[in-house]
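Note sheet for the following structure.
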Amino acid sequence: MIVARSTEELGLALGARASGKVAFVPTMGALHQGHLRLVETACGEAGTVIASIFVNPTQFAPGEDYDRYPRSEEADAALLAQGGCDILFAPSPEVIYPDGFLTTVSVASDLTGVLCGAGRGPGHFAGVCTVVARLFALVSPDISYFGEKDWQQLAVVRAMASDLFPSVEVRSVPTVRDLDGVALSSRNAYLSTAERQRAASIPMTLAELSRLAAVGEHDPSELQEHGRELAREGGLELEYLEIRDERTLSAQSMIDSQSRAFIAARLGGTRLIDNLSLLNPAGLDDFKHSDDNRAEMPAATRQQATTHI
Ligand code: AMP
């Protein structure tokens, strides 16, 4: 695997690439099996795979965890090389944002103002779009891979790419989860043992909402209320739990096949996000049917759910 740190080194590495399509996997490092699934998928679908590691300062709001975000480039590089990655692009902030860099890319749509856009502020997705646009311009990939764990980011990047980089195909990869259903995330490293145990309430809540939707609870407000109650009982401090249309991220009056539950919760100082399709809950369906793992619904919730069947 070639490691490139400057735009010149990147150009040379890309010039020496094998034939076939160029696949790109942008990351912020501290890699886990979720990131590696993106690389593995890219390796199966393209001739050259390039990953980037860049903790992007412009997508962190003041007071967020930019400074303490986990950084482990040596271990990451070894994992990427083992995973079949051909080129690692690991630039410094000065390479991505040289002196005089003045551009911000933002998607003006309801996609960016809700959920994490509301919670982290309007600068968050502008920071994401700017760095992804900058990286797409440098790498010129044919295909780029993003994880469904960050569903809203995926939707916003798709919109940006369709406007500015129509030749880049954005592909999504399902969320990789731990045995207890918790989505893998670099930020899980911040959790204490007790917090990590409580984090299982996130997928449990999502799985329970999906179960209720499958047995006929189709009122989004009812489901949101049940979910918020379950999350609180599970010891989560919720930033949001909302059900929205997975394409437009708009609110819905009735659950349908596009309905997706989105959650952002704090455990101590750590903010975690997750999401699940309510009627097509791939990845958590085994978990959902396991009685051992099933979230216990409050009696009032159970009663209301039954009357809607
Ligand atoms: P990050 O390093 O957190 O910016 O993530 C880089 C890419 O990996 C993004 O496209 C994420 O959506 C994706 N990703 C992160 N965690 C997971 C996961 N558990 N499963 C699948 N993809 C993930």
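Everything quoted here is computed from the prediction, not taken from an experiment. All heavy atoms count here, side chains included; hydrogens, waters and symmetry mates do not. We count ligands from 1, going down the list as the structure has it; atoms in each ligand are counted the same way. Numbers here simply count residues along the sequence, with the first being 1.
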Location of contacts on A30 toward ligand 1, heavy atoms closer than 4.0 Å: neither
Out of all atoms in ligand 1, which are within 4.0 Å of some heavy atom of [X]? Include the element for each.
{"X": "F146", "answer": "10 (O)"}
{"X": "L184", "answer": "16 (N), 17 (C), 18 (C), 19 (N)"}
{"X": "H32", "answer": "15 (C), 16 (N), 17 (C)"}

In the protein, which heavy atom is nearest to [atom], and how far is it?
{"atom": "atom 12 (O) of ligand 1", "answer": "D150 OD2, 2.6 Å"}
{"atom": "atom 20 (N) of ligand 1", "answer": "V176 N, 2.9 Å"}
{"atom": "atom 4 (O) of ligand 1", "answer": "M28 CG, 3.6 Å"}
{"atom": "atom 5 (O) of ligand 1", "answer": "H35 NE2, 3.4 Å"}

Hey, is [X] one of the residues with a heavy atom under 4.0 angstrom from ligand 1?
{"X": "P26", "value": "yes"}
{"X": "R187", "value": "no"}
{"X": "R37", "value": "no"}

Does [X] pair with [Y] as a salt bridge, N-O distance under 4.0 Å?
{"X": "R171", "Y": "E45", "result": "yes"}
{"X": "R271", "Y": "D65", "result": "no"}
{"X": "D178", "Y": "R196", "result": "yes"}

Polar contact flag for A183 and ligand 1 (N/O pairs, less than 3.5 Å):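 Looking only at distances, the answer is no, because the N/O contact criterion of under 3.5 Å is not met.
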Polar atom proximity, G147 to ligand 1 (N or O, under 3.5 Å):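 Indeed, backbone or side chain, G147 has an N or O that close.
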Any donor-acceptor N/O pair, Q224 side chain to I243 backbone, under 3.5 Å: yes
Axial cation check for Y190 ring with R68, 6.0 Å and 45° limits: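 Yes, R68 and Y190 form such a contact.
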Charged tip of R5 within 45° of F54 ring normal and under 6.0 Å: no
Name of the residue among V3, V95, I53 meeting side chain to side chain contact (heavy atoms under 4.5 Å, CB included) with F89: V95
Proximal candidate to atom 22 (N) of ligand 1 [heavy atom criterion; set T175, V173, L38, T41]: L38
Ring geometry between F146 and F136 (parallel below 30°, tilted from 30 to 60°, perpendicular above 60°):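 Judged by the thresholds at 30° and 60°, the geometry between F136 and F146 is perpendicular.
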Q33 atom CD, neighbour heavy-atom count above 12 within 6.0 Å: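 It does not: Q33 CD has 12 such atoms or fewer within range.
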